[in-house]
Amino acid sequence: MAPSRAGAGAVLPVVVALLLGVVAAAAATGGARKMASHGEGANLKASPGAPAAGGSADQFRGKARLPSFAAPRRYELFLRPDLVACTFSGSVAISVAVSAPTRFLVLNALDLSVNRASIRFQALEPTEVVFFKDDGVLVLGFAKQLPLGEGLLKMDFNGTLNDQMRGFYRSKYQYKGKERNMAVTQFESVDARRCFPCWDEPAFKAKFKLTLEVPSELVALSNMPVANATFAGPIKTVRYQESPPMSTYLVAIVVGLFEYVEGMTTKGTRVRVYTQIGKSNQGKFALDVGVKSLNLYKDYFDTPYPLPKLDMIAIPDFAAGAMENYGLVTYREVALLFDDKSSSASSKQSVAITVAHELAHQWFGNLVTMEWWTHLWLNEGFATWMSHLAVDSFFPQWNIWTQFLDSTTTALRLDSLEASHPIEVEIHHASEVDQIFDAISYDKGASVIRMLQSYLGAERFQKAMASYMKKYAYSNAKTEDLWAVLEKETGEPVKDLMTTWTKQKGYPVINAKIKGNDIEIEQAQFLLDGSSGSGMWIVPVTSGCGAYDTQKKFLLKLKRDKLVIDSQCGDRKKGGNFWTKLNINGTGFYRVKYDDELAAALQNALETKKLSLMDKIGIVDDLYALSIARQQTFASLLRLLYGYRGEADYSVLSHINTVTASIAKVSADAIPALAGDIKQLLIKILLSPAEKLGWDPKKGESHLDVMLRPLLLTALVQLGYGKTINEGVRRFNIFTRDRSTSLLPPDTRKNVSSSNRSGYDALRKIYKESAEGEERLQVLGILSSCRDKSIVLESLNLIFTNEVRNQDASMLLRGIQPEAREISWNWLKENWERISRTFSGSLEASFVKNIVPLFTSNEKAAEISKFFATRTKPGFERTLKQSLESVRISARWAEGIRSEPGLAQTVRELLAKP
């Protein structure tokens, strides 16, 4: 599953960045990920293998997992959705293998009305039918022990096509000016049970044979191709081919009005992209990426795509970014559709990454599936890593592996919190699963895979992955199974190495100090709050000395070790070419802290253009984190940043922009008297590349320059640079009168805001009139960025109207500026009960994630903690802890900045430099 990247595209005129206030530099890649129902018994361990020959049904309450004395082998599922009444009815016949003495069958069902009279196992009627709603469990008790071997369990049921974007739900769309409903499934992680009674855990793989009864004029899609269809007037019955063994969370159904574009892989697999009527042309780019991805993955894993067809479909209401259902991949519209005329370059890249991610899952996740949610990272980490491998192959000019460091640094920030979690995290209850669809499972997972591949070598790694895929095809695997295959294929101590990265949270900082002709290195757990952790890792250390052709690699297995300084590193006494860089190109998931001599040599290497793009990113991100942790001074961070003036690369400047935005925010709270000068310094760093690119696209410019332009213009607006603001206002005013003007092409509409009512009203008008999903989302991302409190409140209240889909609410939250944090926090408190009723899981968590970290005081952290003391739910508990920790870390950083001597002098000196 791909996280939501709804804001990934460019937004309206930077222009507007002034109209509403000073821009909302909304991070375009938030992570809306689904959350499930919350139940009791979270601290109880599973006893999956314990046969229950007797006892009561209550013995199955509050367990982490279903017992394994009975397991499904095959489902025959019939569903009849009513798209007018928004209900559905169905029946299921499950071939169940009973392997141990028991009088119970224990499976999952939630929010379903099961017809008790219809329940039969073979000819046996249950004497007990017990629902544990908090656990989503259905227990069937029989008068006597069940016969061992395979039997047929049958039952009828009905339910509601809900509005929660999970289970079997309805999505609304317009057709010929009228609103209609489509029926859609979203089952990951634990929501298949909301559609039909089933063994809803990844390890219970079974074959599925589906039948749907739907209106004749509608398209009805599922995982497999249609076997046959029969028509009876306005109704048709569609029967699908039987699937190979798969987990319940991958079953998929979509019913509605659609059209499609079609392609074919080199092996003859049919690939289609389905869209709403009239939008199929916008599916052509995703189709091209999809076909290429299937071809590439077939070769990489040396395993053919397992199904006869692959469909990808755009859904108007969709909580995640996309979902890898076997053979029927579902997407938010903005994650699948691309229009050459109206979509941005960043949107094109986002679509490519998302499609490649989901199709990687067809092997890593669908063909070979994690045994339990503890091993989720095997799905998401590998799909994230593989998507970059694929896109780099298709679009080498995008320099995607340098951009991949966005994923690494995102994970490094989250994993330096005490409230982080290991990659392999114990799951004790279904209600806990969706909390781990986060940057640790996705981005840290992908980053440690990159680290391992770099250590083993690309060829050995690929060969081992092909062996793993063959060994566990159509089955389930644990993390240890992957390590075992890698060890066997490479002869390297993979398990010992990687266990230190997956079974404990956090990561090390490597302290590097010159002593004589050696560089002494020492590892210690890095935490942003400045405290010391007890973690120890086996670290694949890489080092470069004076040039990139003198790299060394070794495993740091102890707390301390040393590197010998070679002659090719340059003459330390003469300066010049001498420099040493650890963690070459950021392949390792760790930070480096250099002593003063090594740091000065690296700064010189930066300013004399000796460093790679990836290493330029690495040294600034490390120093930024060390400054927050108060292990390096704020002044040293500003001096290093000054070395990036004139930098022209998109990926490097994207990271610089992240750091400068954070500096501007903390400066306003910590040292308001100096904050204006610091903003001028940050403008000085970014202005040269912005002026070079200008406002207007140039013929033949690169994809990366197209993405860089809005990033820099938005940054300058946020920093209050008058010239950019004025030009933005001018262009936006023209744009509001002439929407086809070339003055604001899609890529330059990057984060607009407005400081007054007229600007806000103009944006609302654009939102209502636009037919482009990307543009509408972009407008949402800016509406709340105003400093006018009444406009901020009006924007936030749109969340409760039909004007904004629930899935898009977080876009309105991302624009909130620090100046509006208090009014936004009060709004959240006043509306929390309504928010909690309307939103669930990660959508509910997004309110916490976007508002709480705006604060930088311990007092506010205490107030927020008190408010949520009686309101926390499993779906956002971890997010709340992480957000509160971030507030306390910001408060500590601000305190350090306030007390740092000589800071004003450093700022003045840097401003005075040419």
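Every heavy atom of this structure was used, including side-chain atoms; hydrogens, water molecules and symmetry mates were not. Computed from a prediction, not measured in an experiment: that's the story for all the values here.
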Just verifying a value: how many Å separate [X] [atom1] and [Y] [atom2], rounded to the nearest 0.5 Å?
X      : Y      : atom1 : atom2 : value
Lys849 : Ser886 : NZ    : OG    : 10.0 Å
Leu558 : Ile538 : CG    : CD1   : 9.5 Å
Lys495 : Thr500 : NZ    : OG1   : 13.0 Å
Leu414 : Ile440 : CG    : CD1   : 4.0 Å
Lys610 : Asn604 : NZ    : CG    : 6.5 Å
Glu380 : Ile423 : CD    : CD1   : 13.0 Å

Is there a donor-acceptor pair closer than 3.5 Å between any side-chain N or O of [X] and the backbone N or O of [Y]?
X      : Y      : answer
Gln631 : Gly530 : no
Thr490 : Leu486 : yes
Gln551 : Ser543 : no
Trp377 : Gly445 : no
Lys860 : Val852 : no
Ser420 : Leu417 : no
Thr714 : Leu711 : no
Asp481 : Lys478 : yes
Ser441 : Leu376 : no
Asp649 : Ser651 : yes

Polar contact flag, side-chain donor to acceptor under 3.5 angstrom, [X]-[Y]:
X      : Y      : value
Thr502 : Glu424 : yes
Thr587 : Asn585 : no
Thr410 : Asp443 : no
Ser654 : Asn657 : no
Gln435 : His421 : no
Gln349 : Gln403 : yes
Thr408 : Ser447 : yes

Check this for me, if you would: do [X] and [Y] make a salt bridge, where the nitrogen-to-carboxylate-oxygen distance has to be below 4.0 angstrom?
X      : Y      : value
Glu418 : Lys505 : yes
Asp595 : Lys513 : no
Arg821 : Asp669 : yes
Arg560 : Glu522 : yes
Lys866 : Glu863 : no
Arg413 : Asp621 : yes
Arg878 : Glu432 : no
Lys609 : Glu647 : no

Closest non-hydrogen atom pair between [X] and [Y], with its separation:
X      : Y      : answer
Ala664 : Leu719 : CB-CD2, 4.0 Å
Tyr624 : Ser662 : OH-OG, 2.7 Å
Ala861 : Leu884 : O-CD2, 3.5 Å
Asp434 : Ser189 : OD1-OG, 2.8 Å
Glu487 : Asp496 : OE2-N, 4.2 Å
Ala845 : Gly875 : CB-O, 4.3 Å

Return the set of residues passing salt bridge (Lys or Arg N to Asp or Glu O under 4.0 Å) with Glu895 (not counting sequence neighbours), or none when no residue passes.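 Glu895 satisfies salt bridge (Lys or Arg N to Asp or Glu O under 4.0 Å) with Arg630 once adjacent residues are dropped.
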Could you tell me which residues satisfy salt bridge (Lys or Arg N to Asp or Glu O under 4.0 Å) with Lys665, sequence neighbours excluded, listed by chain and number?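 Testing Lys665 for salt bridge (Lys or Arg N to Asp or Glu O under 4.0 Å), a comparison that skips the adjacent residues, returns none.
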Pairwise side-chain contact, [X] with [Y], heavy-atom cut-off 4.5 Å (strictly under):
X      : Y      : answer
Thr906 : Arg639 : yes
Val652 : Val620 : no
Lys581 : Tyr594 : yes
Ile436 : Thr374 : no
Gln523 : Tyr590 : no
Thr409 : His655 : yes
Ile353 : His388 : yes
Ile656 : Lys616 : no

According to the interplanar angle, ranging from 0 to 90°, do the rings of Phe382 and Phe364 count as parallel (below 30°), tilted (30 to 60°) or perpendicular (above 60°)?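 Phe382 vs Phe364 ring planes: parallel.
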Tell me whether the rings of Phe634 and Trp893 are parallel (<30°), tilted (30 to 60°) or perpendicular (>60°). perpendicular
Per the ring-ring contact (aromatic ring centres under 6.0 Å, His included) rule, which among Tyr442, Phe461, Phe404 passes with Trp385?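 For Trp385, the ring-ring contact (aromatic ring centres under 6.0 Å, His included) check succeeds only for Phe461.
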More than 12 non-hydrogen atoms from neighbouring residues, nucleotides or ligands closer than 6.0 Å to NZ on Lys559, yes or no? yes
Determine, stepwise, if the pair Ile816 / Leu854 fulfils side-chain contact (heavy atoms from CB on, under 4.5 Å). CA-CA 9 Å; Ile816 300 170; Leu854 293 171; 3.6 Å; yes
Is the centre of the Tyr507 ring less than 6.0 Å from the centre of the Phe589 ring? yes
Pair Tyr455 and Trp501, ring centroids less than 6.0 Å apart: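 No.
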Check the pair Asp615 / Tyr548 against side-chain hydrogen bond (donor to acceptor under 3.5 Å, both in side chains), numbers first and verdict last. CA-CA 11 Å; Asp615 282 338; Tyr548 281 91; 2.5 Å; yes
Trp825/Phe867 under ring pair (Phe, Tyr, Trp, His ring centres under 6.0 Å): CA gap, chis, key distance, verdict: CA-CA 11 Å; Trp825 166 238; Phe867 174 80; 5.5 Å; yes
For a salt bridge (Lys or Arg N to Asp or Glu O under 4.0 Å) check, start with the C-alpha distance between Lys873 and Glu844, then their side-chain angles and the critical distance, and finish with the verdict. CA-CA 10 Å; Lys873 294 191 289 191; Glu844 185 177 14; 3.2 Å; yes
